[in-house]
Amino acid sequence: MATTYYVAWWNLENVFDEENSPRRTEKVARVIQNDIAGWTPQLRDRKIAQLASVIVHMNDDAGPDLLGVCEVENQFVLELLAGAVRERLPGRQYAIVHADTSDARGIDVAFLYDPTLLRVPNDQVFFHVVMRRNATREIVQVNFRTQRNRTWTVFGNHWPSRSGGASESSGYRHIAGETLAFFHQRALEEQGADPFQGASELVVRGWWGCLVSSTVSVGSARGGRDGLVSGGAGAA
(Lines give C-alpha, C1' and ligand atoms only; values in the text may rest on other atoms or scores of the structure.)
Protein backbone atom coordinates (compact mmCIF):
# COMPACT_ATOMS: atom_id res chain seq x y z
CA MET A 1 0.00 0.00 0.00
CA ALA A 2 1.33 3.44 -0.92
CA THR A 3 2.39 5.95 1.69
CA THR A 4 1.56 9.59 1.06
CA TYR A 5 3.75 12.45 2.29
CA TYR A 6 2.80 16.09 2.59
CA VAL A 7 5.58 18.26 1.12
CA ALA A 8 5.82 22.05 1.00
CA TRP A 9 8.31 24.73 -0.02
CA TRP A 10 8.54 28.25 1.36
CA ASN A 11 10.82 31.18 0.61
CA LEU A 12 11.05 32.62 4.14
CA GLU A 13 12.55 35.89 2.90
CA ASN A 14 15.64 36.88 4.83
CA VAL A 15 15.40 35.08 8.15
CA PHE A 16 18.60 36.55 9.51
CA ASP A 17 20.25 35.94 12.83
CA GLU A 18 20.52 38.94 15.16
CA GLU A 19 22.54 41.97 14.09
CA ASN A 20 25.61 41.23 16.21
CA SER A 21 25.49 37.44 15.88
CA PRO A 22 28.77 35.66 16.65
CA ARG A 23 27.66 32.99 14.13
CA ARG A 24 28.18 35.31 11.12
CA THR A 25 31.40 35.75 9.19
CA GLU A 26 32.88 39.23 8.83
CA LYS A 27 32.48 39.02 5.05
CA VAL A 28 28.74 38.33 5.23
CA ALA A 29 28.32 40.96 7.96
CA ARG A 30 29.75 43.61 5.64
CA VAL A 31 27.44 42.64 2.79
CA ILE A 32 24.20 42.63 4.81
CA GLN A 33 24.98 45.33 7.38
CA ASN A 34 22.23 47.62 6.09
CA ASP A 35 19.68 44.80 5.96
CA ILE A 36 20.21 43.80 9.60
CA ALA A 37 20.66 47.22 11.20
CA GLY A 38 18.52 47.18 14.36
CA TRP A 39 17.64 43.49 13.92
CA THR A 40 17.43 42.40 17.55
CA PRO A 41 16.98 38.87 18.95
CA GLN A 42 13.42 39.87 19.87
CA LEU A 43 12.58 40.84 16.26
CA ARG A 44 14.21 37.67 14.94
CA ASP A 45 12.26 35.49 17.37
CA ARG A 46 9.00 37.27 16.54
CA LYS A 47 9.45 36.58 12.84
CA ILE A 48 10.25 32.92 13.58
CA ALA A 49 7.13 32.63 15.74
CA GLN A 50 5.00 34.10 12.94
CA LEU A 51 6.46 31.66 10.42
CA ALA A 52 5.89 28.73 12.77
CA SER A 53 2.28 29.78 13.28
CA VAL A 54 1.70 29.29 9.53
CA ILE A 55 3.70 26.07 9.16
CA VAL A 56 1.68 24.26 11.83
CA HIS A 57 -1.52 24.80 9.82
CA MET A 58 -0.16 23.04 6.75
CA ASN A 59 -1.44 19.54 6.07
CA ASP A 60 -4.81 20.18 7.77
CA ASP A 61 -3.15 21.42 10.96
CA ALA A 62 -0.84 18.39 11.20
CA GLY A 63 2.26 20.16 9.87
CA PRO A 64 4.25 19.12 6.79
CA ASP A 65 6.13 15.83 6.59
CA LEU A 66 8.86 17.58 4.61
CA LEU A 67 9.33 21.34 4.34
CA GLY A 68 11.93 22.91 2.10
CA VAL A 69 12.92 26.50 2.84
CA CYS A 70 15.25 29.13 1.47
CA GLU A 71 16.61 32.48 2.64
CA VAL A 72 17.57 31.33 6.13
CA GLU A 73 20.94 32.43 7.46
CA ASN A 74 22.24 29.53 9.52
CA GLN A 75 21.68 26.34 11.47
CA PHE A 76 20.94 28.28 14.67
CA VAL A 77 17.99 30.10 13.11
CA LEU A 78 16.71 26.82 11.66
CA GLU A 79 16.86 25.19 15.07
CA LEU A 80 14.81 28.06 16.48
CA LEU A 81 12.23 27.57 13.73
CA ALA A 82 12.05 23.80 14.21
CA GLY A 83 11.70 24.30 17.96
CA ALA A 84 8.90 26.84 17.50
CA VAL A 85 7.01 24.39 15.29
CA ARG A 86 7.50 21.53 17.75
CA GLU A 87 6.15 23.68 20.59
CA ARG A 88 2.95 24.18 18.63
CA LEU A 89 2.75 20.57 17.40
CA PRO A 90 3.88 18.42 20.35
CA GLY A 91 3.12 15.22 18.45
CA ARG A 92 5.60 16.11 15.72
CA GLN A 93 9.36 15.79 15.46
CA TYR A 94 11.47 17.78 13.02
CA ALA A 95 15.08 17.26 12.05
CA ILE A 96 17.12 19.52 9.76
CA VAL A 97 19.24 19.23 6.66
CA HIS A 98 21.04 22.54 6.22
CA ALA A 99 23.18 23.63 3.28
CA ASP A 100 25.66 26.25 4.46
CA THR A 101 26.09 27.67 0.98
CA SER A 102 28.56 30.18 -0.42
CA ASP A 103 25.90 32.81 -1.10
CA ALA A 104 27.30 36.32 -0.70
CA ARG A 105 24.45 37.35 1.64
CA GLY A 106 24.70 34.17 3.70
CA ILE A 107 21.16 32.97 2.95
CA ASP A 108 20.83 29.22 2.65
CA VAL A 109 18.60 26.35 1.57
CA ALA A 110 17.39 23.76 4.06
CA PHE A 111 14.86 21.01 4.75
CA LEU A 112 12.84 20.32 7.88
CA TYR A 113 11.56 16.74 7.94
CA ASP A 114 9.85 14.29 10.27
CA PRO A 115 12.48 11.65 11.18
CA THR A 116 9.76 9.16 12.11
CA LEU A 117 8.73 9.14 8.43
CA LEU A 118 11.95 9.89 6.56
CA ARG A 119 15.60 9.30 7.28
CA VAL A 120 18.77 10.71 5.77
CA PRO A 121 21.75 8.33 5.40
CA ASN A 122 25.00 10.03 6.40
CA ASP A 123 26.46 10.06 2.88
CA GLN A 124 23.33 11.04 0.97
CA VAL A 125 23.38 14.85 1.13
CA PHE A 126 25.00 16.65 -1.81
CA PHE A 127 25.63 20.32 -2.61
CA HIS A 128 25.80 21.07 -6.36
CA VAL A 129 27.63 24.29 -7.18
CA VAL A 130 25.98 26.64 -9.68
CA MET A 131 28.95 28.12 -11.54
CA ARG A 132 28.87 31.90 -11.94
CA ARG A 133 31.20 34.78 -11.23
CA ASN A 134 29.29 35.89 -8.14
CA ALA A 135 28.68 33.42 -5.35
CA THR A 136 25.16 31.99 -5.30
CA ARG A 137 23.27 29.20 -3.60
CA GLU A 138 24.15 25.60 -4.35
CA ILE A 139 21.40 23.17 -5.37
CA VAL A 140 20.86 20.82 -2.43
CA GLN A 141 20.17 17.15 -3.14
CA VAL A 142 19.01 14.87 -0.35
CA ASN A 143 18.39 11.17 -0.93
CA PHE A 144 15.80 10.47 1.74
CA ARG A 145 14.77 6.93 2.62
CA THR A 146 11.07 6.36 3.11
CA GLN A 147 9.31 4.03 5.51
CA ARG A 148 9.16 1.47 2.72
CA ASN A 149 12.95 1.81 2.29
CA ARG A 150 12.71 3.51 -1.06
CA THR A 151 15.03 6.30 -2.09
CA TRP A 152 13.27 9.65 -2.38
CA THR A 153 15.58 12.13 -4.10
CA VAL A 154 14.68 15.76 -3.36
CA PHE A 155 16.36 18.81 -4.91
CA GLY A 156 16.13 22.16 -3.11
CA ASN A 157 16.65 25.21 -5.30
CA HIS A 158 17.06 28.95 -4.78
CA TRP A 159 18.02 30.33 -8.14
CA PRO A 160 19.52 33.78 -8.85
CA SER A 161 16.93 36.56 -8.76
CA ARG A 162 15.99 39.09 -11.43
CA SER A 163 18.09 41.74 -9.73
CA GLY A 164 19.66 43.89 -12.42
CA GLY A 165 16.89 43.09 -14.89
CA ALA A 166 15.01 39.97 -15.96
CA SER A 167 16.78 39.56 -19.31
CA GLU A 168 20.17 40.69 -18.00
CA SER A 169 20.10 38.07 -15.23
CA SER A 170 18.39 35.26 -17.17
CA GLY A 171 21.71 33.63 -18.05
CA TYR A 172 22.35 32.91 -14.39
CA ARG A 173 19.04 31.05 -14.13
CA HIS A 174 19.84 29.13 -17.29
CA ILE A 175 23.06 27.96 -15.66
CA ALA A 176 21.13 26.89 -12.55
CA GLY A 177 18.64 25.04 -14.75
CA GLU A 178 21.39 23.20 -16.60
CA THR A 179 23.01 22.26 -13.30
CA LEU A 180 19.72 20.89 -11.98
CA ALA A 181 19.04 19.00 -15.23
CA PHE A 182 22.47 17.35 -15.10
CA PHE A 183 22.10 16.06 -11.55
CA HIS A 184 18.44 15.14 -12.08
CA GLN A 185 19.50 12.89 -14.99
CA ARG A 186 22.41 11.54 -12.98
CA ALA A 187 20.08 10.57 -10.12
CA LEU A 188 17.87 8.69 -12.57
CA GLU A 189 20.86 6.85 -14.02
CA GLU A 190 22.33 5.92 -10.65
CA GLN A 191 19.13 4.92 -8.90
CA GLY A 192 17.01 3.66 -11.76
CA ALA A 193 14.08 5.14 -13.62
CA ASP A 194 11.62 2.23 -13.43
CA PRO A 195 9.10 3.00 -10.65
CA PHE A 196 8.00 -0.65 -10.48
CA GLN A 197 11.51 -1.90 -9.74
CA GLY A 198 12.05 0.01 -6.50
CA ALA A 199 13.49 3.06 -8.21
CA SER A 200 13.71 6.45 -6.62
CA GLU A 201 11.08 9.16 -6.59
CA LEU A 202 12.36 12.54 -7.74
CA VAL A 203 10.97 15.78 -6.34
CA VAL A 204 12.25 19.19 -7.41
CA ARG A 205 11.23 22.15 -5.29
CA GLY A 206 12.41 25.70 -5.07
CA TRP A 207 12.30 29.39 -5.80
CA TRP A 208 13.24 30.04 -9.40
CA GLY A 209 14.15 33.71 -9.28
CA CYS A 210 10.65 34.69 -10.44
CA LEU A 211 7.85 36.53 -8.67
CA VAL A 212 6.25 33.53 -6.95
CA SER A 213 7.27 30.22 -5.43
CA SER A 214 6.95 27.28 -7.79
CA THR A 215 7.18 23.52 -7.67
CA VAL A 216 8.10 20.85 -10.18
CA SER A 217 7.50 17.32 -8.95
CA VAL A 218 8.19 13.98 -10.57
CA GLY A 219 6.37 11.02 -9.12
CA SER A 220 2.94 9.75 -8.15
CA ALA A 221 1.30 7.22 -5.90
CA ARG A 222 0.35 4.75 -8.60
CA GLY A 223 1.53 1.18 -8.51
CA GLY A 224 2.01 1.25 -4.75
CA ARG A 225 4.70 3.89 -4.89
CA ASP A 226 5.36 6.36 -2.12
CA GLY A 227 3.29 9.38 -3.12
CA LEU A 228 3.33 13.13 -2.77
CA VAL A 229 0.74 15.60 -1.61
CA SER A 230 2.05 18.99 -2.64
CA GLY A 231 1.40 21.96 -0.40
CA GLY A 232 3.05 25.30 -0.29
CA ALA A 233 3.00 28.90 0.78
CA GLY A 234 3.78 32.20 -0.84
CA ALA A 235 6.51 34.54 0.28
CA ALA A 236 6.23 35.69 3.89
Side-chain angles (χ1 to χ4, degrees), residues 2-10 12 15 17 23-25 55 63-86 89 91-103 106-131 135-158 176 179-195 197-206 216-219 225-228:
T3 301
T4 299
Y5 299 93
Y6 185 98
V7 180
W9 178 271
W10 199 356
L12 302 181
V15 183
D17 205 345
R23 295 167 288 274
R24 180 180 298 118
T25 66
I55 292 169
D65 301 320
L66 173 64
L67 173 64
V69 298
C70 62
E71 295 201 11
V72 290
E73 184 174 3
N74 55 35
Q75 179 82 16
F76 178 77
V77 171
L78 283 163
E79 293 286 358
L80 291 178
L81 178 61
V85 175
R86 284 192 294 263
L89 289 174
R92 274 288 199 178
Q93 299 181 40
Y94 284 102
I96 294 169
V97 176
H98 169 229
D100 189 6
T101 70
S102 57
D103 179 76
I107 50 176
D108 298 332
V109 175
F111 292 102
L112 276 65
Y113 67 96
D114 187 336
T116 68
L117 301 176
L118 301 165
R119 61 185 177 88
V120 182
N122 291 332
D123 59 347
Q124 294 300 303
V125 179
F126 308 96
F127 306 137
H128 305 312
V129 175
V130 177
M131 298 299 294
T136 191
R137 283 76 56 178
E138 288 89 345
I139 294 172
V140 183
Q141 175 185 340
V142 183
N143 293 336
F144 290 96
R145 299 295 288 182
T146 70
Q147 290 177 307
R148 302 174 69 223
N149 205 35
R150 293 176 183 268
T151 299
W152 203 21
T153 299
V154 182
F155 294 92
N157 296 259
H158 185 193
T179 303
L180 172 62
F182 174 82
F183 288 104
H184 179 277
Q185 183 62 34
R186 183 174 175 180
L188 287 174
E189 292 170 353
E190 291 185 352
Q191 299 170 24
D194 186 348
Q197 299 297 323
S200 66
E201 304 274 357
L202 299 179
V203 180
V204 180
R205 303 189 68 85
V216 178
S217 61
V218 181
R225 301 170 70 191
D226 295 315
L228 166 69

Rounded at 0.5 Å granularity, tell me how far OG1 in Thr153 sits from CZ in Phe126.
8.5 Å

Of all residues at least two apart in sequence or in a different chain, which pass the salt bridge (Lys or Arg N to Asp or Glu O under 4.0 Å) check with Arg24?
Glu73

CG of Leu78 to CG of Asp108: how many Å apart, nearest 0.5 Å?
8.0 Å

Between the side chains of Asn122 and Gln124, is a donor N or O closer than 3.5 angstrom to an acceptor N or O?
no

Note: Ala110 and His98 closest approach over all heavy atoms is CB-CA, 4.1 Å

With sequence neighbours left out, what residues match Arg23 under side-chain contact (heavy atoms from CB on, under 4.5 Å)?
Asp17, Glu18, Ser21, Arg44, Asn74, Phe76

CH2/Trp10 to SG/Cys70 distance, rounded to the nearest 0.5 angstrom?
11.5 Å

Start with the C-alpha distance between Val69 and Val109, add both sets of side-chain angles, then the distance that settles side chain to side chain contact (heavy atoms under 4.5 Å, CB included), and finish with yes or no.
CA-CA 6 Å; Val69 298; Val109 175; over 6 Å; no

Please report the shortest heavy-atom distance between Phe155 and Ala187, naming the atom on each side.
CZ-CB, 4.3 Å

side-chain hydrogen bond (donor to acceptor under 3.5 Å, both in side chains) partners for Glu79, two or more places apart:
Gln75

Decide side chain to side chain contact (heavy atoms under 4.5 Å, CB included) for Val125 and Val120; before the verdict, give the C-alpha distance in whole Å, the side-chain angles of both, and the deciding distance to 0.1 Å.
CA-CA 8 Å; Val125 179; Val120 182; 3.5 Å; yes

Partner set under side-chain contact (heavy atoms from CB on, under 4.5 Å) for Arg145, not counting sequence neighbours
Arg119, Pro121, Asn149, Thr151

Atom OH in Tyr94, atom CD1 in Ile96: separation rounded to 0.5 Å?
12.0 Å

Quick one: list whatever passes ring-ring contact (aromatic ring centres under 6.0 Å, His included) with Tyr113, sequence neighbours left out.
Phe144

Strictly distance-based, threshold 3.5 Å: is any side-chain N or O of Asp65 a donor or acceptor partner for the main-chain N or O of Tyr6?
yes

How far apart are the C-alpha atoms of Val142 and Phe111, what are their side-chain angles, what is the distance that settles it, and do they pass the side chain to side chain contact (heavy atoms under 4.5 Å, CB included) test?
CA-CA 9 Å; Val142 183; Phe111 292 102; 3.9 Å; yes

How many angstroms lie between atom CG of Leu117 and atom CD of Gln93, to the nearest 0.5 angstrom?
9.5 Å

Identify the heavy atoms of Pro115 and Ala95 that sit nearest to each other, and give their distance.
CD-N, 3.9 Å

Roughly how far, to the nearest 0.5 Å, is the CG atom of Asp114 from the CG atom of Leu66?
10.0 Å

